[in-house]
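Keep in mind that the numbers below use all heavy atoms, side chains included, and drop hydrogens, waters and symmetry copies. Just so you know, these numbers come straight off a predicted model, no measurement behind them.
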Amino acid sequence: MLIWIVSTVLAFPCIAEDSRPNVLFIAIDDLNDWIGCMGGHPDTKTPNLDRLARQGVLFTNASTPSPACVPTRCAVMTGKAPATTGLYHNSDGHHRLYDDLKSLVTLPQYFSQQGYKSWGAGKLLHHFHHGDYDEVFDNGYWKNPEPEGVDCEKPPRTIEEFLDWWAPVDVPNSDMKDWQAAQWAAGVLQQEHEKPFFLACGIFRPHEPWNVPQAYYDKFPLDSLTLPKIKEDDLDDVGEPVKRPSPVAERIVSDEQVWRKSVQSYLANINFADDCLGLILDALDKSPHRDNTIIVLWSDHGWQLGEKYRWAKFTLWERSSRCVLMLAGPGITRGGRVSSPVSLQDIYPTLIDLCRLPARRSIDGRSFLPYLENPDKAPSDIPAITANELGFSLRGARYRYIRYHDGSEELYDHMKDPMEWNNLADDPDYAAVVTELKTHLPKNPAPRKRR
C-alpha cells in the first residue's frame, strides 16, 4: 500500500501543488489611513478598498518597517528589516546595490521556487523587477510613471510648482500607467493557469505628482473639504532631531486655499487608485480563481499633509508610520478587524503560512495567521517597529514610543491622544511604560549603509 501511495504521488506531482491558493498581491504607494473603512478622513471615497475590507480582515494598527518607499519595499519583499539590512532611507538605495544583500530571495522569487508562476506590474520594489518575476508587464512606467507629455522628474520648489503637481490631466483613464497595469492584472486573472500563481500589481497613486483626470477632482469640491487638524505648539515638546517644522508644510498650511487644494488632490488620487483596485477585484470576481485566491493589499507607509508641521512622509509619527493592510480569501475571516500591532514586515512569513510553503527561518517578522483565522484574538504585547535614519518608533496596542539616536524620546498614549500632541516620555507616571517598550528596541541594529 505504501509503495502504491508513493508511486501515485510521483506520477501526479501537480495535485498537491495545484491545490495551493493563488496570491493576488497589491501595493498602493503613499496611501495613509484616509480610506472609508479606517475613518481617516470624512470626505474620502474608497468603495473598493472598503469592499475588500468587508471581504476579509482589516488591520487597523499596521505599521511600516520604514516611512520611505525604498527601505519599506526592500523589507517587505526580502523579509529583512531595516535594522537587519542597514537600509533606512530612500537615499540608501535598494538591496541589490550591496554585495551582502543582492542575493536575498524576494517574495515572488520564493514563490517561483516553490512551483508558482509569478507575475508583476507597476511599482513593487523601488526599481525595475530584475528577474524577480517569471513574467512582467512593462508599459514604460519605470522611465516615466506619468501619461505621455506629463513631466514628474523635477520635484517642485515653490508653491506654484506644487500647484502644477496637484492638477488634473486631460487624458482618459486608459492613458494612465496605473490603469494599464490594473487592466493587465485583470487580464491575467481571466486566464486559466496550470500552476498556482503569485500575481503582484503596484499602484503608484496617490504618490505625487497628483495628476489624474478631472472627473476625480470634481468629486471633492474645495470649499467643503475637511482640513487636517494641527496644534500650533505641537513641536515644543519633541527633541532636536525633529523640532524644526518643514518649510514646505509651514507654507502650505499658512494659505488655506493652497492647503485645501492639496487635500483635494490627495483625495482625488486616492479615489483614482481605488478605481484601479476595482478593476482588479471585478476581474477576480468573474474569474475561475475567485474561490482559491488570497488577496493581500498594503500601502508602503502613510503621508502627512501638514500634521505636526510636516509634509510627505519620512517621520516616525503615526501619520507617516501607519499604513493600510488587509487580506481576504480562503481561510480568512470575513469582516474582521484587528487592532493588535502588526508590521508589513510580517507579510512574507504570513503568506508562507497561508500557502503552506516551507518556512524560512532566515527572514524577519512573525506570521499574523492566527488573527486571520480569529480577528478577536487578544492583542499582542509585542510592538511593531518602524525605523528611519534618525531612530526607531515602536507602536503597541496603546502607546507609541520613539527613541532617536541622540537619546531624545517621545511617548504618546493613543487612547487619550490619537493626534500625538502630548509627549509623555518625561512624565513619571509613564516611566514603567517607557521602560517596558525600550526592551523591544532592536539589539545591535545594522549601521546605515551609504552608497
Side-chain angles (χ1 to χ4, degrees), residues 14 17-18 20-29 31 46-49 51-52 55-56 77 106-109 111-112 114-125 128-148 171-207 212-213 215-216 269 271-299 326-330 351 355:
C14 65
E17 177 180 281
D18 288 349
R20 294 178 297 183
N22 306 304
V23 175
L24 175 57
F25 184 87
I26 303 170
I28 302 182
D29 208 348
L31 176 63
T46 54
N48 294 298
L49 283 157
R51 137 194 183 196
L52 180 57
Q55 292 174 3
M77 300 297 271
T106 62
L107 253 174
Q109 287 177 323
F111 271 76
S112 293
Q114 301 303 317
Y116 277 66
K117 174 69 178 287
S118 62
W119 312 71
K123 185 176 179 180
L124 295 162
L125 280 164
F128 197 64
H129 303 295
H130 291 297
D132 288 286
Y133 300 87
D134 298 322
E135 190 170 327
V136 298
F137 172 69
D138 183 6
N139 61 346
Y141 160 80
W142 285 105
K143 293 180 180 177
N144 181 8
E146 301 306 303
E148 190 69 30
V171 299
N173 282 7
S174 58
D175 281 3
M176 301 292 292
K177 301 290 177 67
D178 281 339
W179 194 265
Q180 294 166 5
Q183 285 186 314
W184 176 83
V188 172
L189 289 168
Q190 293 296 309
Q191 301 169 19
E192 295 281 357
H193 300 284
E194 293 182 359
K195 300 197 293 185
F197 60 77
F198 181 99
L199 171 60
C201 184
I203 299 173
F204 181 69
R205 292 301 189 280
H207 193 292
V212 293
Y216 292 96
N269 279 256
N271 186 237
F272 173 77
D274 187 81
D275 272 2
C276 293
L277 172 63
L279 272 180
I280 300 171
L281 296 182
D282 288 347
L284 178 61
D285 283 346
K286 298 172 184 175
S287 80
H289 315 293
R290 173 179 177 175
D291 297 326
N292 193 36
T293 297
I294 292 163
I295 308 169
V296 53
L297 181 143
W298 54 283
S299 66
M326 57 184 81
L327 290 88
L351 287 179
C355 297

Report summary line: Residues Pro21 and Tyr116: closest non-hydrogen pair is O-OH, 2.6 Å
**Report entry** Closest heavy-atom pair and its distance - Ala273, Ile28
**Finding:** CB-CG2, 4.4 Å
Requested in this report: Look up atom CD1 in Ile26 and atom CD1 in Ile295, then write down how far apart they are to the nearest 0.5 Å.
Outcome: 6.5 Å
Query raised in the report: Between Phe198 and Phe111, what is the ring plane arrangement, given parallel below 30°, perpendicular above 60°, and tilted in between?
Result: tilted
Query raised in the report: Do side-chain atoms of Gln180 reach the backbone of Ser174 as a donor and acceptor pair under 3.5 angstrom?
Result: yes
Query raised in the report: Can you name the closest pair of heavy atoms from Phe197 and Trp119 and give their distance?
Result: CB-NE1, 4.0 Å
Query raised in the report: How long is the gap from CG on Leu284 to CG on Leu279, to the nearest 0.5 Å?
Result: 13.0 Å
Query - Passing candidate, side chain to side chain donor-acceptor pair (under 3.5 Å) with Arg205, options Asn269, Asp275, Asp178, Asp274 - result: Asn269
Query raised in the report: Which atom pair, heavy atoms only, marks the closest approach of Phe137 to Ala121?
Result: CB-CB, 3.7 Å
Query raised in the report: Got Asp291 and Pro330 here, is their nearest side-chain heavy-atom distance under 4.5 Å?
Result: no
Query - Side-chain donor/acceptor of His193 to backbone N/O of Val188, under 3.5 Å - result: yes
Query raised in the report: After noting the C-alpha distance and the side-chain angles of Ile280 and Leu199, does the key distance pass the side chain to side chain contact (heavy atoms under 4.5 Å, CB included) rule?
Result: CA-CA 11 Å; Ile280 300 171; Leu199 171 60; 5.9 Å; no
Query raised in the report: Under the side-chain contact (heavy atoms from CB on, under 4.5 Å) test, which residues partner Asn173, sequence neighbours left out?
Result: Trp179, Pro213, Tyr216, Phe272
Query - Point-to-point distance, once rounded to the nearest 0.5 Å, from NZ of Lys123 to CG of Asp29 - result: 3.5 Å
Query raised in the report: Atom CZ of Arg20 and atom CD of Gln114: how far apart are they, to the nearest 0.5 Å?
Result: 6.5 Å
Query raised in the report: What's the spacing between Tyr133 OH and Thr106 OG1 if we round to 0.5 Å?
Result: 6.5 Å
Requested in this report: To the nearest 0.5 Å, tell me how far Leu107 CG sits from Met77 CE.
Outcome: 6.0 Å
Report task. Before accepting this row, confirm whether a basic side-chain N of the pair Glu194/Lys117 lies closer than 4.0 Å to the acidic partner's carboxylate O. Result -> no
Query raised in the report: If only atom types and distance count, is the side chain of Ser118 paired as donor or acceptor with the main-chain N or O of Asp134 below 3.5 Å?
Result: yes
**Report entry** Nearest heavy atoms of Tyr141 and Gly122, plus distance in Å
**Finding:** CE2-C, 4.1 Å
Requested in this report: Determine, step by step, whether Leu49 and Leu31 satisfy the side chain to side chain contact (heavy atoms under 4.5 Å, CB included) criterion, reporting the C-alpha distance in whole Å, the side-chain angles of both residues, the deciding distance to 0.1 Å, and the verdict.
Outcome: CA-CA 11 Å; Leu49 283 157; Leu31 176 63; 4.2 Å; yes
Report summary line: On a heavy-atom basis, the closest approach of Leu189 and Ser287 is O-CB, 3.1 Å
Requested in this report: Not counting sequence neighbours, which residues clear side-chain contact (heavy atoms from CB on, under 4.5 Å) with Arg51? List them please.
Outcome: Asn48, Arg54, Gln55, Leu281, Asp282, Asp285
Query - side-chain hydrogen bond (donor to acceptor under 3.5 Å, both in side chains) partners of Thr293, counting only residues at least two apart - result: Asn22
